[in-house]
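What you see is a predicted model; the values in this text were computed from it and never measured. All heavy atoms count here, side chains included; hydrogens, waters and symmetry mates do not.
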Amino acid sequence: MAHADTHAAHDHDHDHKPSGIGRWLFATNHKDIGTLYLLFALLMFFIGGAMALAIRAELYKPGLQFFDPGFYNSLLTSHALVMIFGAVMPAFVGLANWMIPLQIGAPDMALPRMNNYSFWILPFAFTLLLSSFFTAGGGPAGGWTLYPPLSLQAGDSFPLTIFAIHMMGASSIMGAINVIVTIMNMRAPGMTLLKLPLFCWTWLITAYLLIAVMPVLAGAVTMLLTDHYFGTSFFNPAGGGDPVMFQHIFWFFGHPEVYILILPAFGIVSEIIPTFARKPLFGYDAMVYATASIAFLSFIVWAHHMFTVGMPLAGEMFFMLSTMLIAIPTGVKVFNWTATMWKGSMTFEPPMLFALAFLFLFTIGGFSGLMLAIAPADFQYQDTYFVVAHFHYVLVPGAVFAIMAAVYYWLPKWTGHMYNMRLANWHFWVSTVSVNVLFFPQHFLGLAGMPRRIPDYSTQFTDWNMVSSVGGFVFGFSQILFVILIWQCVRGGAKATDKVWDGLSHGLEWTVPSPAPYHSFDTPPEVH
């Protein structure tokens, strides 16, 4: 470990814990709950991934092969909800549960029982969401954005979807409160805020974002519910409502949500790159302020998702320029990571490989985001596959790769075992090549005019869709390597000695530099 997590590496597990399934049901220990979150996220990653493969199978060639358009729409909607609220967010919360107490020298999270509750809401929420596929009208409709009037056409799946979203939001808010209280109240003596590891900083800011925006989503979906069942007309023009108002409310949640999905990834990469470059992070204070700036700006750019709804020209100009402004603090972070590696003694173990892939591929997603920010150009890109390519570059080689990097980085610490390095390298290279084969052609499809959210398309889009689908299947099945590798490691790989962390290693283990200047801790205790 490069810093404070080593300070608290001794186990704080309770002396008298229930055994077997009771240990997990009634877990209040942050490590147990972190493990539950990570396992749940992995399960949801494969469920959401199976939906994605079904979508890519349908799009392999023109014509309707497997699904009718209604079911295809439900697949799209559920894929997004499962991946965002079921895979990426719980994975980050799991990492926060595991690492924040260790990094700040706390014995546990501040609110352990609420921690248990916030996790156990999730399996029930996703059981509700996925059971909606077995209702009379099929699964949820309307895309993950749930725009009316389309989302209001859904049958019996509609209330199940809305209730599931409320439960996910409640879980997220509780997790965020726990993170804030823990970091604010339980830091080791002498650890000021500007000595916090960056993973803790990014999570602290993310937690404030969650508390600010999850109630907005709750309000939007509750208004949908009353429109559907109680005769209100919030979004029904016939009753004096406005469907565009839903878009404003939704995206006021939705845009900060995008940063909730990426800020913890920034923190992870800020831990890994200094370790394998063997240099302190360049510009620590600037990284903290850049993260805070991104969080603030995320609240004032929501309508860049809505350039085509007919807003005033002044509105388009404001949202275009404020969106471009976010590129500045994000660029600061990218340059600081690059400067950290400059003239460092770099080695390329799996965590570093995933962090570097993150750096390159997330930046591609950032550039296509800048293209989408240009209002007149966005009239062409809007609702095409170019948008799909953009946000998948940010969220798959961005958020998902960062989570994988974190697992590879911290797994020896969690389990006491080293994983199979050759298998990990295979997993990295197959994933990285295939994720580009999957998403890069979608830029071409979008620029050529292929609309998103359709089960069928014109024949001129066939070739690149075939390439994209092949990449999707290779990427999907390559994740089985990840599961095998974790299973082998947990069951007992090579013993991870303290050499993994104290800079004396060779062979399968990696070396880590002494702590950066802004972390004043003693030599780490021996890890057994």
Side-chain angles (χ1 to χ4, degrees), residues 33-34 36-49 51 74-97 111 114-133 135 139-147 151 154 157-180 203 206-225 246 249-264 395 399-400 403:
I33 295 171
L36 283 171
Y37 266 112
L38 288 165
L39 290 174
F40 177 78
L42 189 63
L43 174 65
M44 288 294 125
F45 180 58
F46 277 93
I47 291 174
M51 293 174 180
S74 296
L75 270 180
L76 271 180
T77 306
S78 301
H79 163 69
L81 292 173
V82 166
M83 284 305 207
I84 291 167
F85 294 107
V88 174
M89 286 169 71
F92 281 138
V93 178
L95 293 169
N97 265 297
L111 303 160
M114 191 170 84
N115 210 4
N116 175 286
Y117 187 40
S118 71
F119 170 75
W120 282 110
I121 288 174
L122 286 178
F124 293 97
F126 283 93
T127 302
L128 269 184
L129 180 70
L130 297 173
S131 65
S132 67
F133 275 97
T135 58
W144 87 276
T145 53
L146 302 171
Y147 282 177
S151 59
S157 68
F158 183 76
L160 293 174
T161 306
I162 300 299
F163 192 40
I165 289 170
H166 273 299
M167 292 170 76
M168 298 167 203
S171 170
S172 295
I173 289 170
M174 283 194 279
I177 290 169
N178 215 349
V179 166
I180 291 170
W203 241 113
T206 302
Y208 278 110
L209 284 180
L210 275 166
I211 289 172
V213 303
M214 293 314 286
V216 179
L217 177 65
V221 297
T222 305
M223 290 155 85
L224 277 180
L225 198 70
F246 178 86
I249 300 169
F250 179 86
W251 286 115
F252 190 79
F253 147 80
H255 197 77
E257 168 67 21
V258 174
Y259 289 94
I260 288 164
L261 295 173
I262 203 67
L263 288 183
L395 288 178
V400 172
I403 291 163

Q: State, yes or no, whether a side-chain contact exists between Ser131 and Leu160 at a heavy-atom distance under 4.5 Å.
A: yes
Q: Please tell me if the side chains of Leu395 and Val400 come closer than 4.5 Å, counting only heavy atoms from C-beta onward.
A: no
Q: Taking the side chain as every heavy atom from C-beta outward, state whether Leu210 and Ile173 have any atom pair closer than 4.5 Å.
A: no
Q) Do the non-hydrogen side-chain atoms of Thr161 and Leu81 ever get within less than 4.5 Å of each other? A) yes
Q.
With a 6.0 Å cut-off on the ring centroids, do Phe126 and Phe85 count as close?
A. no
Q.
Please identify which of these residues, Asn178, Leu38, Asn115, meets the side-chain contact (heavy atoms from CB on, under 4.5 Å) condition with Ile33.
A. Asn115
Q: Take the angle between the ring planes of Phe250 and Phe253 and call it parallel below 30°, perpendicular above 60°, tilted in between.
A: perpendicular
Q) Partners of Tyr259 by side-chain hydrogen bond (donor to acceptor under 3.5 Å, both in side chains), sequence neighbours excluded? A) none
Q: With rounding to the nearest 0.5 Å, note down the distance linking CE in Met83 to CD1 in Ile47.
A: 10.0 Å
Q: Determine whether Val88 and Phe45 make a side-chain contact, defined as any pair of heavy atoms from C-beta on separated by less than 4.5 Å.
A: no
Q) Can you find a heavy atom in the side chain of Phe119 that is under 4.5 Å from one in the side chain of Val93? A) no
(Q) Just to verify, what does Phe133 make a ring-ring contact (aromatic ring centres under 6.0 Å, His included) with, not counting sequence neighbours? (A) Phe71
**Q.** Set of side chain to side chain contact (heavy atoms under 4.5 Å, CB included) partners for Pro256, sequence neighbours left out
**A.** Leu209, Val213, Ser298, Phe299
Q: Give, for atom CE of Met214 and atom CG of Leu217, the distance between the pair rounded to the nearest 0.5 Å.
A: 5.5 Å
Q: Could you tell me whether the side chain of Ile165 reaches within less than 4.5 Å of the side chain of Leu146, counting heavy atoms only?
A: yes
Q. For Tyr147, does the OH atom sit with more than 12 other heavy atoms under 6.0 Å from it, leaving out its own atoms?
A. yes
Q. What's the spacing between Leu225 CG and Ser151 OG if we round to 0.5 Å?
A. 11.0 Å
Q.
Taking the side chain as everything from C-beta on, heavy atoms only, tell me whether Ser157 gets closer than 4.5 Å to Ser74.
A. no
Q: Quick one: pull up OG1 in Thr222 and NE2 in His166 and give me the separation to the nearest 0.5 Å.
A: 3.0 Å
